[in-house]
Amino acid sequence: MEYKFAEIEEKWKKYWVEKQVYKITEDTSKPKYYVLDMFPYPSGAGLHVGHPLGYVASDIYARYKRLKGFNVLHPMGFDAFGLPAEQYAIETGTHPAETTAKAVKRYREQFDKIGFSFDWSRSVNTTDPGYYKWTQWIFLKLFNSWYNREKNKAEPIEALIQHFEKNGSAGIAPSALERIGKEFSANDWNVFSKSEKQNILMHYRLAYLSYAEVNWCAALGTVLANDEVKDGKSERGGHPVERRKMRQWFLRITEFSDRLLEGLERLDWSEAMKDMQRNWIGRSEGASVKFKLREGELEVFTTRPDTIFGATFMVIAPEHELISQLVTTEQKAEVEKYIGYVKSRTDVERQQEKKVTGVFTGSYAVNPFTGKDIPVWIAEYVLSGYGTGAIMAVPADDERDHKFAEKFGLPIIDIIDKSMYPGATIEDKLGKMINSDFLNGMEVKDAIKAVLDEIEKRGIGKRKVNYKQRDAGFSRQRYWGEPFPIKYEIIGKPDAHLKGDGESDDIPTGLNESDLPLILPNVSTYKPTGDGQSPLANSSDWVAQNYETDTMPGYAGSSWYFLRYMDADNDKEFASKQKMDYWKNADIYFGGAEHAVGHLLYARMWNKFLFDLGLVPMDEPFQKLVNQGMIQGRSSIIYRHKETNEFVSFNLVQQNEEDKYQKLHANIAFVKDDILDIDKFKEWREDYRNAKFVTGKDGNFVCGHEVEKMSKSKYNVVTPDDVIAKYGADCFRMFEMFLGPIEQSKPWDDKGISGVYNFLRKFWRMFYDDKGNWRVTDEAPTDAEFKILHKTIKKVGEDIERLNFNTCISSFMIATNELNALNSNKRKILEPLLIALAPFAPFVAEELWEKLGYAGSIHQATYPKVEEKYLVESTHEYPVSVNGKLRAQIQLPLDMPQDEVQKLVMELENVKKWTNGNAPKKFIFVKGKIVNVVV
RNA sequence: GCCGUGGUGGUGGAAUUGGUAGACACGCAGGACUUAAAAUCCUGUGACACUUAAAUGUCGUGCGGGUUCGAUUCCCGCCCGCGGUACCA
């Protein structure tokens with residue numbers, strides 16, 4: 001009997017659905033294990049071979065844990081709100097829900113084909129009102145909560161209101177002075193108008209309205225993502241883009257910064273991933289210091305207050321609110337020109353380019369320690385979002401300040417003598433203070449403390465912890481997202497809250513929980529309104545009811561989906577307490593490193609927030625994290641000569657002449673081993689029908705190649721469907737794992753897939769010979785056969801735990817080769833080996849399990865136990881080195897003592913030759929490893 | 001720019017705590033079976049030098065240094081690819 005993968009896979013796919021093999025309940029008799037996967041966005045193109053990499057790995061892991069006796073939760077769902085479906089809706093008028101449903105269906109088919117063991121009864125979809133009802137519900141909780149710094153946890157806003165009613169703003173951190181600019185008494189509070197009260201509360205709510213800059217493209221009438229902006233122009237159409245302030249929702253994630261940092265210590269994540277989160281949060285200790293201006297003062301944040309005597313000028317961000325006050329009449333024109341230039345640039349560009357740009361405001365501030373007037377400049381390297389948007393510039397001790405001072409001829413005063421620290425860089429907090437009055441002679445560390453004390457004593461500033469992390473923007477001017485469960489109470493001009501950049505006193509009010517979900521309305525057009533509002537503003541019904549017209553961002557639904565899987569159909573709660581107490585949190589999460597500072601921070605914050613309100617049992621949602629790499633595409637490139645318009649075979653293109661050619665993508669379907677099928681290519685596109693091709697001597701037309709993201713537009717997409725049709729799903733799964741370590745990114749190349757295919761057939765042939773005869777016997781295996789078996793299940797088990805799936809495949813190949821060499825077909829060997837293989841190749845394992853005479857599914861069997869007695873070795877073949885170079889080998893008992901080993905080794909022919917018979921200077925013996933003779 | 005990550009034969013990769021570099025597989029070459037092909041099986045395969053052969057030697061893990069009896073692995077300095085950089089998901 002042949003290995004007919006298509007029949008086998010079809011058969012078991014059906015069986016698994018019919019028998020609900022992967023359906024899971026909260027079975028308290030077994031230990032729980034939660035294997036979570038990255039939440040996929042269902043794109044219209046379907047899955048390509050890159051997507052399943054992590055899913056195959058997690059599926060193997062989940063199946064392995066199940067065989068090991070765990071009750072495994074392994075769900076899958078869809079993060080289906082997003083731009084692509086909306087873009088398609090704008091182009092074609094198709095409702096995004098329709099596009100999404102189609103894509104989800106296709107994904108599901110592909111998932112099933114690959115043989116994943118997901119419990120589909122727990123699937124979720126963020127665009128389903130039954131799901132986003134709870135996303136809205138959590139948003140309301142955020143809106144109706146504040147962060148109590150004293151208790152260090154989030155709590156209902158009522159607690160804050162009660163405090164205000166009783167004590168006014170006294171004793172609240174952060175202070176009302178800091179948040180709204182003034183303190184107030186209980187009496188004040190009680191006579192404040194409704195909108196005054198709401199305005200104050202807004203500064204404390206965890207979901208709040210504020211103003212922020214966005215990329216505004218007037219020509220497209222829409223707000224753009226940073227990656228839709230290239231060189232200050234819109235990527236689509238090349239229209240000018242500028243920064244524009246708009247009123248929008250934010251999540252006060254900064255209140256959780258310290259706990260997000262602290263929580264990392266308890267997680268089983270890679271240090272790299274933790275570092276990225278730490279750097280993103282960017283906690284730094286320093287001081288806020290006020291510099292006097294002619295009128296008022298300019299506040300800066302600095303981590304190096306010790307350098308204040310070297311502060312020879314100040315720099316403020318181009319968005320700083322004091323600009324209009326600081327700019328003198330003479331400088332006005334120049335400043336306006338500069339700000340216009342800055343507006344055309346994104347934050348990334350502003351930090352990325354090393355260009356030193358800036359402009360003088362014409363005004364001066366006073367250095368509080370030197371008492372000298374220092375000029376105030378505007379420059380783009382100071383970002384408005386960080387600290388106070390203003391810095392004291394110390395050119396002697398900061399590289400960017402130094403470059404700035406050099407370019408604009410500003411004074412530089414040395415303040416730190418680093419001469420006793422050769423090799424110390426400018427950033428190192430090392431050296432002795434000079435030119436710094438009372439700090440002179442102090443070490444930097446001591447000087448920081450001394451100057452902080454002095455700053456606080458003089459009342460010109462105070463110690464402060466600052467975070468690079470900013471509050472998270474939570475509004476999108478898009479259609480395809482969750483509507484906010486918010487209504488405005490109109491105060492003053494009607495609709496003022498709709499004008500994104502207009503001042504508005506309108507009071508946002510949360511809907512009642514009983515009014516959820518607030519269903520996304522149908523609209524006549526998905527196009528933006530042109531004045532910066534979301535397409536929801538096109539719905540007159542919606543606007544008439546004064547609903548918020550912005551929608552939530554993509555990360556809203558994905559910030560809590562892992563909780564919903566525990567209880568996906570619950571319409572009373574987002575998940576029941578009982579079920580959450582059972583599943584707790586994800587034991588392992590397979591997700592890409594690209595989520596390091598986005599999704600993984602938001603989800604942790606949401607979870608901590610729900611934890612504070614007593615709604616979830618664990619304060620961290622993802623105990624262990626695995627970052628799978630990306631599989632990139634390997635595009636085929638053909639070269640067209642710019643002048644002759646002929647396509648030229650790549651082997652004829654001279655290396656230094658590449659720029660004479662235009663590079664075009666050829667569909668990889670027409671390319672085999674880098675050789676183009678010219679006829680197919682001509683047929684493909686009308687305009688290539690009459691193209692001329694210059695081939696090599698052998699008549700072949702060779703393509704170049706490039707590694708880039710797999711995408712439709714690059715014609716380099718390979719789908720799992722194609723691979724499965726050719727080799728089967730078991731082979732596809734194993735090959736994806738065989739490609740290399742899952743954390744690593746690599747281009748897809750199916751060169752080598754035949755190796756895995758051959759393995760599966762070899763494995764099959766241990767059960768059936770060429771003529772279809774059953775080969776498995778009940779004979780007792782030899783020790784040598786047992787050794788192969790136990791060596792393999794030990795190695796495979798360890799490698800799965802370590803997530804080294806690629807070497808598991810090698811181990812199975814080695815075992816098969818070794819058993820074949822012994823002509824071994826014994827049930828006692830093959831049966832346990834088959835169970836070990838089942839997580840990797842679930843279909844063929846199921847088929848052979850049945851053939852072995854079992855009625856149930858192999859995926860509900862028990863993982864074989866390693867019997868160490870077959871693995872004990874008594875001797876070792878020692879490599880013998882002389883001076884670190886391998887010169888001989890010798891087989892010795894493992895329990896032989898060193899002096900005996902030395903005696904035998906020194907007598908070896910080759911050792912004598914390389915030591916010239918000299919006695920060793922040193923004899924290194926590592927038991928069970930190596931021998932090294934040093935002469 | 002900043003943060004993170006990776007670089008090993010013709011190719012994908014292995015080497016788990018500093019201990020035989022190249023497991024396993026692809027590709028390639030030669031052979032067996034066959035009328036032939038496919039499939040399957042066997043042998044060889046890092047580079048260079050030397051040799052009839054067996055063997056042997058030198059070099060070799062992006063580049064340049066260092067620590068060590070011993071470095072793909074640890075340290076210092078560089079080069080290149082990839083991911084993130086706050087409205088792609």
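In what follows, every chain begins at residue 1, and chains take the letters A, B, ... in the order their sequences are listed.
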Taking N and O atoms by type only, does the side chain of [X] place a donor or acceptor under 3.5 Å from a partner on the base of [N]?
| X | N | answer |
| --- | --- | --- |
| A:Q889 | B:U20 | yes |
| A:Q477 | B:C87 | yes |
| A:N932 | B:C69 | yes |
| A:Q277 | B:C3 | no |
| A:K795 | B:U16 | yes |

Could you tell me how far apart [X] ([atom1]) and [N] ([atom2]) are, to the nearest whole angstrom?
| X | N | atom1 | atom2 | result |
| --- | --- | --- | --- | --- |
| A:W280 | B:G84 | CH2 | C1' | 8 Å |
| A:L886 | B:U20 | CG | C1' | 5 Å |
| A:N910 | B:A54 | CG | C1' | 14 Å |
| A:I930 | B:A21 | CD1 | P | 11 Å |
| A:K771 | B:U40 | NZ | P | 16 Å |

Using a heavy-atom cut-off of 4.0 Å across all strands, would you classify [X] as base, sugar-phosphate, or nothing?
| X | value |
| --- | --- |
| A:F759 | nothing |
| A:E743 | nothing |
| A:R761 | sugar-phosphate |
| A:K927 | nothing |
| A:V214 | base |
| A:Q469 | base |
| A:S881 | nothing |
| A:R887 | sugar-phosphate |
| A:A272 | sugar-phosphate |
| A:W914 | sugar-phosphate |
| A:L224 | sugar-phosphate |
| A:D749 | nothing |
| A:R765 | sugar-phosphate |
| A:P741 | sugar-phosphate |

Partner nucleotide of B:G30 by Watson-Crick or wobble geometry (both distances under 3.5 Å)
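Its partner is B:C42.
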
Name the pairing partner of B:U72, where a pair is Watson-Crick or G-U wobble with both distances under 3.5 Å, or state none.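 None - no nucleotide pairs with B:U72, as no candidate has both distances under 3.5 Å.
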
Tell me whether the centres of the aromatic rings in [X] and [Y] are closer together than 6.0 Å.
| X | Y | answer |
| --- | --- | --- |
| A:W606 | A:Y602 | no |
| A:F925 | A:Y878 | yes |
| A:F474 | A:W249 | no |
| A:Y727 | A:F735 | no |

| Of all heavy-atom pairs between A:K912 and A:M906, which one has the smallest distance, and what is that distance? |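 Taking every non-hydrogen atom into account, CG-O, 3.6 Å.
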
Please name the residue in the list A:Y561, A:F78, A:F81, A:W560 that meets the ring-ring contact (aromatic ring centres under 6.0 Å, His included) test with A:F39.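 Among A:Y561, A:F78, A:F81, A:W560, the one that satisfies the ring-ring contact (aromatic ring centres under 6.0 Å, His included) with A:F39 is A:Y561.
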
Can you tell me, in whole Å, how much space there is between the P of B:A71 and that of B:G44?
->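 Each nucleotide's P atom is 30 Å from the other's.
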
**Chi class for B:G60: syn within 90° of 0, otherwise anti** =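 This nucleotide is in anti.
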
